[in-house]
Amino acid sequence: GVWRQTRALLFKNCLIKCRTKKSSVQEVLFPLFFLFWLILMSMMHPHRKYGEVANTDLGPLDTAVLENFVVGYTPPTPMAREIMKKVASDNFEDGLITEEYLSEEELEEASFLKPSDFVGVVFKDSMSYQLRFHDSIAMSSIYMESR
């Protein structure tokens, strides 16, 4: 019955493995080699763990430093206009000077003309944006475990 067929199949597989030693060794060693390779790669690029930052009151915003400060943004969509209007009116008593630009190229040109008191905001979509300071892009401070 079933036991005899199972025993015959196991015996046949053992004979095949004994006769093809090279492929049998490869079946065992290749996964071990790749496992070693993965462990080595993970040791070369360890994950960085950042500690928590306590919630603290930073106090009022010193608006004297931000005199003649300009925030340019692109693209000039209704959502971007609404966001920038809210930022300018809620966070600054005198209001913040905001300028809209049609493209990123115009925004970059404006940043070269006023490098010390200009910040650019490029809206990628309604939920994400990039800040641009003079000739650089501010990277996100959010910890990403793997890139």
Side-chain angles (χ1 to χ4, degrees), residues 6 9-147:
T6 305
L9 185 62
L10 285 172
F11 182 70
K12 181 187 111 181
N13 285 339
C14 286
L15 282 176
I16 290 173
K17 292 295 178 189
C18 289
R19 291 178 184 165
T20 57
K21 290 182 175 127
K22 182 179 177 184
S23 65
S24 298
V25 169
Q26 287 177 350
E27 284 180 20
V28 172
L29 290 183
F30 276 157
L32 291 176
F33 171 74
F34 289 123
L35 180 65
F36 170 74
W37 185 255
L38 285 173
I39 292 170
L40 183 67
M41 293 302 288
S42 69
M43 289 172 58
M44 289 175 62
H45 301 285
H47 296 299
R48 293 185 195 139
K49 303 253 189 252
Y50 296 102
E52 290 184 12
V53 176
N55 290 335
T56 57
D57 184 16
L58 299 176
L61 181 64
D62 185 12
T63 56
V65 178
L66 301 176
E67 273 185 29
N68 301 325
F69 198 73
V70 179
V71 177
Y73 63 94
T74 187
T77 60
M79 177 69 79
R81 285 187 190 107
E82 183 180 329
I83 291 170
M84 294 309 292
K85 181 180 174 186
K86 186 160 183 62
V87 167
S89 64
D90 287 357
N91 298 322
F92 300 93
E93 296 163 1
D94 300 333
L96 183 68
I97 303 169
T98 58
E99 298 176 355
E100 61 182 45
Y101 296 93
L102 297 175
S103 66
E104 287 188 51
E105 290 77 24
E106 287 183 21
L107 185 74
E108 288 176 13
E109 287 175 18
S111 72
F112 286 123
L113 295 175
K114 320 170 211 181
S116 63
D117 56 355
F118 186 86
V119 172
V121 180
V122 179
F123 289 95
K124 297 298 180 187
D125 56 32
S126 63
M127 298 300 285
S128 64
Y129 61 90
Q130 281 186 334
L131 296 177
R132 298 194 181 231
F133 299 96
H134 184 47
D135 60 352
S136 65
I137 298 175
M139 295 302 288
S140 172
S141 64
I142 296 173
Y143 171 66
M144 298 175 66
E145 189 163 320
S146 179
R147 292 190 179 205

>> How long is the straight-line distance from OG1 of Thr74 back to CD of Glu108, given to the nearest 0.5 Å?
In response: 10.5 Å
>> Can you confirm whether Lys17 sits close enough to Cys14 that some side-chain heavy atom of one is under 4.5 Å from a side-chain heavy atom of the other?
In response: no
> Hey, are the side chains of Glu100 and Met84 touching, using non-hydrogen atoms and a 4.5 Å cut-off?
Replying inline: no
>> Could you tell me if the side chain of Tyr73 sits less than 4.5 Å from the side chain of Ile83, heavy atoms only?
In response: no
>> Quick check: closest heavy atoms across Pro75 and Ala80, and the distance to 0.1 Å?
In response: O-CB, 3.5 Å
> What pairs with Lys21 under salt bridge (charged side-chain N to carboxylate O under 4.0 Å, His left out), at least two apart in sequence or on another chain?
Replying inline: none
> Got a sec: does the NZ of Lys12 have more than 12 other heavy atoms crowding it under 6.0 Å?
Replying inline: no
> Hey, what do you get for CG (Leu15) to CG (Leu10), rounding to the nearest 0.5 Å?
Replying inline: 11.0 Å
>> What's the separation between atom NZ in Lys86 and atom CD in Glu82, rounded to the nearest 0.5 Å?
In response: 8.5 Å
>> Counting only heavy atoms not in Tyr129 (residues, nucleotides, ligands), do more than 12 fall under 6.0 Å from its OH?
In response: no
Only distances under 3.5 Å count here; give the side-chain donor-acceptor pairs of residues 35-46 to other protein atoms, sequence neighbours excluded, each with its distance to 0.1 Å.
{"from": "Ser42", "atom 1": "OG", "to": "Leu38", "atom 2": "O", "distance (Å)": "3.4"}
{"from": "Ser42", "atom 1": "OG", "to": "Ile39", "atom 2": "O", "distance (Å)": "2.9"}

> Nearest heavy-atom pair of Thr20 and Ile16: which atoms, and what distance?
Replying inline: OG1-O, 2.7 Å
